[in-house]
Amino acid sequence: MNLLNYALVYRRFLLVVFTVLVFLPLPLIIRTKEAQCAYILFVIAIFWITEALPLSITALLPGLMFPMFGIMRSSHVASAYFKDFHLLLIGVICLATSIEKWNLHKRIALRMVMMVGVNPAWLTLGFMSSTAFLSMWLSNTSTAAMVMPIVEAVAQQIISAEAEAEATQMTYFNESAAHGLDIDETVIGQETNEKKEKTKPASGSSHDKGKVSRKMETEKNAVTGAKYRSRKDHMMCKLMCLSVAYSSTIGGLTTITGTSTNLIFSEHFNTRYPNCRCLNFGSWFLFSFPVALILLLLSWIWLQWLYLGFDFKMFKCGKTKTLKEKACAEVIKQEYEKLGPMRYQEIVTLVIFIVMALLWFSRDPGFVTGWSVLFSEYPGYVTDSTVALVAGILFFLIPAKKVTKMTSAGEIIAFDYTPLITWKEFQSFMPWDIAILVGGGFALADGCQVSGLSNWIGNKLSPLGSLPVWLIILISSLIVTSLTEVASNPATITILFPILSPLAEAIQVNPLQILLPSTLCTSFAFLLPVANPPNAIVFSYGHLKVIDMVKAGLGVNILGVAVVMLGMFTWIEPMFNLHEYPSWAPDFVNQTMP
């Protein structure tokens with residue numbers, strides 16, 4: 001028993017030792033670069049999936065193991081840890097820091113909810129829309145963390161308003177009954193005594209009914225907990241929580257900067273296929289926005305039906321608001337009024353945000369000439385990270401407020417200014433662990449390429465070319481969706497990219513046809529609280545059980561894969577000519593011929 005306890009306490013240490021030793025015969029027996037790289041890939045993949053070591057520490061292992069096995073020089077491995085991706089990430093985090101520091105994200109969210117209305121169904125859609133929009137530009141985690149307190153306040157206000165409405169109705173009923181008895185006394189005379197005697201039992205029975213209803217209410221509270229007056233209230237809280245978690249993930253699909261997985265894929269893809277130049281901010285938005293929009297609406301309908309029932313009456317607009325809806329509207333209005341008028345810092349942040357988005361879209365949109373033509377002398381030199389860095393530097397340059405001090409004469413004078421964000425604030429927002437993790441993924445991909453492991457995998461997977469393309473896409477999407485539930489999203493895409501790219505090349509299918517759906521499905525971690533940070537945040541509020549997330553998340557996962565498959569064979573296919581094997585991809589067949 002003590003041995004078992006020790007094993008449980010030191011399970012991560014034992015897992016590290018066991019993993020390193022159990023795969024060690026592979027490079028010792030098969031003395032090839034492919035086998036040595038496969039050993040490193042297996043070890044790193046298991047560490048990433050199990051998190052036996054912190055993800056960022058595991059990401060440093062290529063820098064240790066590739067030189068030891070003679071696969072890559074240490075200087076070459078180190079160069080993979082900082083690329084164009086990291087510059088883009090720095091600029092985006094500068095924007096996110098300023099938005100959150102000056103509460104612009106809260107103003108946008110509340111304003112969007114006020115525009116949609118307070119009908120329960122529309123209110124949920126309003127929260128989902130605002131959360132998804134913010135998640136396009138901020139991290140999914142910070143978006144969920146910001147919106148959930150607002151959702152919680154609104155939900156509790158709805159519950160208290162319902163109680164207030166019931167109390168008001170009961171008071172009105174008692175007053176009406178008493179008023180009726182007074183009229184009976186004045187009209188009838190002597191018969192009133194008889195009627196009073198008859199009404200006493202009725203009055204007593206009404207009290208009994210009140211006791212029964214209160215007893216039932218107490219029983220309901222005992223079942224659902226002190227937070228809820230009825231099962232419907234509990235269902236409404238579950239609905240709102242899940243809507244925030246799922247919409248924060250769905251919104252991140254729409255932009256390259258929306259999630260770390262999108263950024264990782266973009267950098268991996270551009271590194272492996274430098275002649276493609278088909279993926280940029282604008283092209284990504286054009287193909288992913290319809291996917292996210294359809295999935296958001298279907299998820300809203302699915303969650304609404306699952307927890308509150310789907311009724312077409314909920315689509316009616318302009319009807320008289322109930323007391324509950326009025327209370328809800330009042331909470332949202334009060335929260336918005338607390339922000340006060342829009343400040344100078346918010347306006348500047350919003351202007352930079354809009355300009356940055358427009359520059360991203362218009363750099364090289366594809367259907368028209370973009371502003372990158374101004375630098376035609378150096379094609380490919382100016383990227384989305386260039387725009388992000390310009391905006392990021394502006395946040396450190398533009399004054400936010402003056403710094404004052406009091407002189408010896410008692411006079412207050414300004415001697416300096418503080419910018420929109422400071423370096424310390426930026427550091428607190430910058431996800432250095434993700435930056436290192438992504439660098440490790442780039443190093444791992446380079447090692448697979450240099451050692452020849454990518455070609456070896458492609459050769460072994462080439463028999464899959466006999467399968468229909470749609471089936472290959474479906475299988476890869478389902479594998480990715482399943483793996484990302486137990487492994488982190490960045491780790492999942494980092495592990496699978498070196499496998500899926502050679503697969504596409506070996507079966508002579510446009511790499512985008514397999515890689516795009518797999519990348520989108522990497523974000524579909526909807527099943528478990530530990531699957532991604534937004535799930536964990538909403539789960540911490542105590543309204544949900546694990547089975548609630550599994551039941552709702554399974555439906556959203558299925559919808560997500562279905563929408564991605566639909567997009568791949570409709571509007572996405574003509575955008576990238578997916579039916580043809582592109583000239584920018586390597587000719588795998590000729591490469592492997594002797």
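Everything numeric here is computed off the predicted structure, so don't read it as measured data.
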Heavy atoms of L296 and S247 approach each other most closely as CD1-CB, 3.7 Å
Contacts of type side chain to side chain donor-acceptor pair (under 3.5 Å), residue S385, not counting sequence neighbours
D84, T383
Do N577 and N510 touch side chain to side chain, with heavy atoms closer than 4.5 Å?
no
Ignoring hydrogens and geometry, is there a side-chain-to-backbone donor-acceptor pair from Y246 to G553 under 3.5 Å?
yes
Of the non-hydrogen atoms in L87 and L389, which two are nearest, and what is the gap between them?
O-CD2, 3.8 Å
Checking side-chain contact (heavy atoms from CB on, under 4.5 Å) for the pair M430/L89: CA distance, chi angles, key distance, verdict?
CA-CA 8 Å; M430 179 66 186; L89 182 64; 3.7 Å; yes
Donor-acceptor check, side chain of S98 to backbone of L95, threshold 3.5 angstrom: yes or no?
no
Please determine if R111 forms a cation-pi arrangement with Y336, meaning its NZ or CZ atom is less than 6.0 Å from the six-membered ring centre and no more than 45° off the ring axis.
yes
Apply side-chain contact (heavy atoms from CB on, under 4.5 Å) to I108 and S130, showing your working.
CA-CA 7 Å; I108 292 171; S130 57; 5.9 Å; no
Which distance, rounded to the nearest 0.5 Å, do you find between the OH of Y273 and the CZ of F269?
6.5 Å
If you take all heavy atoms of F66 and A443, which pair is closest and at what distance?
CE1-O, 3.2 Å
Run the numbers on R272 and E505 for salt bridge (Lys or Arg N to Asp or Glu O under 4.0 Å), then give the verdict.
CA-CA 12 Å; R272 189 177 180 91; E505 295 163 11; 3.0 Å; yes
Between L123 and M240, is any pair of side-chain heavy atoms under 4.5 Å apart?
yes
Listed partners of K424 passing salt bridge (charged side-chain N to carboxylate O under 4.0 Å, His left out), at least two apart
none
Could you tell me if the side chain of W48 sits less than 4.5 Å from the side chain of L437, heavy atoms only?
yes
What are the two closest heavy atoms between Y417 and L397, and how far apart are they?
OH-O, 2.9 Å
Using modelled atom types only, decide if a donor and an acceptor are shared between the side chain of W300 and the backbone of A121 within a distance under 3.5 Å.
yes
Going through the distances and angles, do I398 and I352 end up as a side-chain contact (heavy atoms from CB on, under 4.5 Å)?
CA-CA 11 Å; I398 296 175; I352 297 176; 3.8 Å; yes
When you measure from the side chain of R107 to the backbone of W102, do you find a donor-acceptor pair of N or O atoms at a distance under 3.5 Å?
no
Smallest separation among heavy atoms of M136 and T255, with atom names
O-OG1, 2.7 Å
Could you check whether any side-chain N or O of T97 sits under 3.5 Å from a backbone N or O of I93, counting only pairs where one atom can act as donor and the other as acceptor?
yes
Examine the side chains of T259 and N262 and answer whether a donor and an acceptor come within less than 3.5 Å of each other.
yes
Geometric class of the F497/H268 ring pair [parallel <30°, tilted 30-60°, perpendicular >60°]
parallel
Taking E485 for the side chain and L527 for the main chain, is one N or O donor matched with an acceptor at less than 3.5 Å?
yes
For the atom pair CD1 (I514) and CD1 (I499), what is the distance rounded to the nearest 0.5 Å?
12.5 Å
Over 60° means perpendicular and under 30° means parallel, so classify the ring planes of W423 and F396, tilted if in between.
tilted
CZ of F287 to CG of L512: how many Å apart, nearest 0.5 Å?
8.0 Å
Hey, what's the ring geometry for W137 with W360, parallel, tilted or perpendicular (30° and 60° as the breaks)?
parallel
Taking D433 for its side chain and S56 for its backbone only, find out whether a donor-acceptor pair lies under 3.5 Å.
no
Could you tell me the separation between the OG atom of S372 and the CG atom of N280, rounded to the nearest 0.5 Å?
8.5 Å
Establish, for the pair K83 and F442, whether the NZ or CZ atom is under 6.0 angstrom from the six-membered ring centre and no further than 45 degrees off its axis.
yes
Is the shortest heavy-atom distance from the side chain of M575 to the side chain of C278 under 4.5 Å?
no
Assess the side chains of Y581 and Q513: does a donor N or O sit below 3.5 Å from an acceptor N or O?
no
Quick check against the 3.5 Å criterion: does Q345 have a side-chain atom that pairs as donor or acceptor with the backbone of A400?
yes
Main chain of A245, side chain of N535: is a donor-acceptor contact present, judged purely on distance under 3.5 Å?
no
Is the shortest side-chain heavy-atom distance between T257 and F281 below 4.5 Å?
yes
side-chain hydrogen bond (donor to acceptor under 3.5 Å, both in side chains) partner of N489, the single match among T494, T519, T484:
T484
Derivation of the side-chain contact (heavy atoms from CB on, under 4.5 Å) call for I475 and W470
CA-CA 9 Å; I475 292 172; W470 69 265; over 6 Å; no
Donor + acceptor pair across side chains of S135, N140 (<3.5 Å):
yes
Does F426 reach the side chain of T422, with side-chain heavy atoms less than 4.5 Å apart?
no
So do the side chains of L286 and S283 get within less than 4.5 Å of each other, counting heavy atoms only?
no
Test L483 against every option in L496, L478, I493 by the side-chain contact (heavy atoms from CB on, under 4.5 Å) rule and name the one that passes.
L496
Taking atom types as modelled, is there a side-chain donor on T254 or S288 under 3.5 Å from an acceptor on the other?
no
Is the ring pair F375/W371 parallel, tilted or perpendicular, if the boundaries are 30 and 60 degrees?
perpendicular
Spacing of E425 atom CD and T418 atom OG1 [to the nearest 0.5 Å]:
8.5 Å
Does a side-chain heavy-atom distance below 4.5 Å link F524 with L253?
yes
To the closest 0.5 Å, what do you measure between CG (L467) and CD1 (I473)?
12.0 Å
Please report the closest heavy-atom contact between T249 and P534, naming both atoms and the distance.
OG1-CG, 4.5 Å
